Amino acid sequence: MVTASSAPPVMLQSGDRMTRIEFHRRYCELPDIRAQLIEGVVYLSSPLRANFHGDQHALVLAWLGVYWEANPETVRVSDNASVFLDADNEPQPDASLRYIRGQTSLTEGGYIAGAPELIVEVAASSVSIDLHDKLNAYRRNGVREYIVWRVLDQAIDWFRLHEGAFDRVEPDEQGLIGSEAFPGLRLNVAAMLAEDVAGVLKTQRDG
């Protein structure tokens, strides 16, 4: 006889529909997968390649890490941390930057609750999700700035929240985009797309 305590965990499948609470319960029982809930729909991650995700992800974290190093008392950078956005959304963004005393908090279990001020997604196969359903969820929940690095397209989209809508931000004459949410955070777009680590980090360190 199978009892409740010995029953196997209920699997998650891409396309399943459920609430965030039910998703999180199942996710915690399945430690060997990576999944997100976006607008009530489950998405399981595909294997990640170094040249289409892993290397770019590492560069994003290095860039944000320089800003964190300069502002350790006020901000935190997170890598792939689950975010409790609302009843239908529990994304696991590639990187997030948040104020310690900002619009998020940490749950007793250590998860981020609320919308980080800045989120970055590195997108190859996930572009359609990142630029549609996920973008809408982030916008609706008050993410102030959202960056999508479209690796296959060799493009970076930077969105800034203004009056409830995401406006696309273009680089200035020097090819830089500066954050409004985090003064002093600057991205050298051409260097990032070229995966020029020294150029990205030098621009950030120079302020």
Side-chain angles (χ1 to χ4, degrees), residues 51-81 83 85 91-100 102-104 112 114-124 126-207:
N51 61 335
F52 286 150
H53 190 280
D55 295 350
Q56 295 83 3
H57 185 171
L59 180 51
V60 167
L61 292 172
W63 168 55
L64 295 178
V66 172
Y67 189 80
W68 185 8
E69 178 186 31
N71 301 276
E73 303 301 320
T74 57
V75 305
R76 287 290 184 273
V77 175
S78 291
D79 170 19
N80 276 312
V83 177
L85 272 182
Q92 199 167 324
D94 289 316
S96 62
L97 178 63
R98 68 189 194 277
Y99 284 106
I100 296 171
Q103 57 190 34
T104 63
I112 298 171
E117 284 80 5
L118 184 145
I119 283 177
V120 184
E121 299 283 8
V122 177
S126 64
V127 167
S128 62
I129 301 168
D130 292 332
L131 287 179
H132 293 91
D133 287 349
K134 193 177 285 187
L135 179 147
N136 286 330
Y138 289 159
R139 173 194 56 76
R140 193 175 63 249
N141 283 279
V143 172
R144 294 177 59 186
E145 292 181 290
Y146 178 39
I147 302 168
V148 180
W149 184 349
R150 293 184 281 122
V151 177
L152 298 180
D153 297 329
Q154 276 289 289
I156 290 174
D157 302 310
W158 189 310
F159 301 96
R160 184 173 294 150
L161 191 65
H162 177 67
E163 295 183 350
F166 269 144
D167 295 334
R168 192 185 302 270
V169 182
E170 299 297 335
D172 64 16
E173 297 81 5
Q174 286 75 46
L176 309 179
I177 298 178
S179 171
E180 282 191 354
F182 294 93
L185 179 67
R186 301 194 309 163
L187 177 62
N188 184 326
V189 176
M192 184 73 88
L193 290 173
E195 299 178 35
D196 174 5
V197 181
V200 171
L201 301 190
K202 182 178 188 302
T203 298
Q204 183 56 50
R205 290 194 174 106
D206 289 350

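Atoms considered below: every heavy atom in the structure, side chains included; atoms not considered: hydrogens, waters and symmetry mates. Model, not experiment: these values are computed from the prediction.
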_In the structure I gave you, are the side-chain heavy atoms of Tyr146 and Val120 within less than 4.5 Å of one another anywhere?_
no
*Please tell me if the side chains of Gln103 and Arg144 come closer than 4.5 Å, counting only heavy atoms from C-beta onward.*
yes
*Going through the checks in order, is the side chain to side chain contact (heavy atoms under 4.5 Å, CB included) test met by Leu152 and Phe52?*
CA-CA 7 Å; Leu152 298 180; Phe52 286 150; 3.7 Å; yes
*With sequence neighbours left out, write down each residue that passes salt bridge (charged side-chain N to carboxylate O under 4.0 Å, His left out) with Glu195, or none if nothing qualifies.*
none
*Student check: side-chain heavy atoms of Val83 and Pro116 closer than 4.5 Å*: yes
_Which residues share a side chain to side chain donor-acceptor pair (under 3.5 Å) with Arg140, sequence neighbours left out_ = Glu39, Asp86
*Taking only residues two or more places apart in sequence, or in another chain, which ones meet Asp153 in a salt bridge (charged side-chain N to carboxylate O under 4.0 Å, His left out)?*
Arg150
_Minimum heavy-atom distance between Ile119 and Pro93, given as atom pair plus value_ = CG2-CB, 3.7 Å
*Check ring-ring contact (aromatic ring centres under 6.0 Å, His included) between Tyr99 and all other residues, then give those that pass, not counting sequence neighbours.*
Phe182
*Residues in side-chain contact (heavy atoms from CB on, under 4.5 Å) with Leu161, at least two apart?*
Arg139, Phe166
*Is the closest side-chain donor-acceptor distance between Glu145 and Trp158 under 3.5 Å?*
yes
*Got a sec, which residues hit side chain to side chain donor-acceptor pair (under 3.5 Å) with Asp79, two or more places apart in sequence or on another chain?*
His57
*Identify the two heavy atoms, one from Leu61 and one from Ala95, that lie closest to each other, and give their separation to 0.1 Å.*
CD2-CB, 3.8 Å
*What side chain to side chain donor-acceptor pair (under 3.5 Å) pairs are there with at least one residue in residues 67-78, not counting sequence neighbours?*
Ser78-Arg98
_Within-4.5 Å side-chain heavy-atom neighbours: Ile156 and Val148_ = no
*Excluding sequence neighbours, so at least two apart, what forms side chain to side chain donor-acceptor pair (under 3.5 Å) with Asn188?*
Thr203
*Do any pairs count as a salt bridge (charged side-chain N to carboxylate O under 4.0 Å, His left out) and have a residue in residues 175-190, sequence neighbours left out, and if so which ones?*
Arg160-Glu180
_To the nearest 0.5 Å, what is the distance between CG on Asn51 and CG on Asp55?_
7.0 Å
*Given side chains that start at C-beta, do those of Trp149 and His53 come closer than 4.5 Å, heavy atoms only?*
no
*Tell me, with the steps shown, if Val189 and Ile177 meet side chain to side chain contact (heavy atoms under 4.5 Å, CB included).*
CA-CA 7 Å; Val189 176; Ile177 298 178; 4.0 Å; yes
*List in chain and number order the residues that pass side chain to side chain donor-acceptor pair (under 3.5 Å) with Asp130, two or more places apart in sequence or in another chain; answer none if no residue qualifies.*
Ser126, Lys134
*Going by heavy atoms in the side chains, are Met192 and Leu187 under 4.5 Å from each other?*
yes
_Please find the pair of heavy atoms, one from Ser179 and one from Leu118, that lie closest to each other, and give the distance._
OG-CD1, 4.4 Å
*Looking only at non-hydrogen atoms, find the nearest pair between Ile112 and Ala81 and report the distance.*
CD1-CB, 4.0 Å
*Do Val75 and Leu97 have side-chain heavy atoms sitting under 4.5 Å apart?*
yes
_Contact between Ile147 and Asp157 at the side-chain level, heavy atoms closer than 4.5 Å - yes or no?_
no
*Distance-only, no hydrogens or angles: does the Asn141 side chain make a donor-acceptor pair with backbone N or O of Ala115 under 3.5 Å?*
no
_Those residues that, when tested against Asp167, pass salt bridge (charged side-chain N to carboxylate O under 4.0 Å, His left out) (two or more places apart)_ = none
*Just jot down the side-chain contact (heavy atoms from CB on, under 4.5 Å) partners of Val66, sequence neighbours excluded, or say none.*
Leu201, Gln204, Arg205
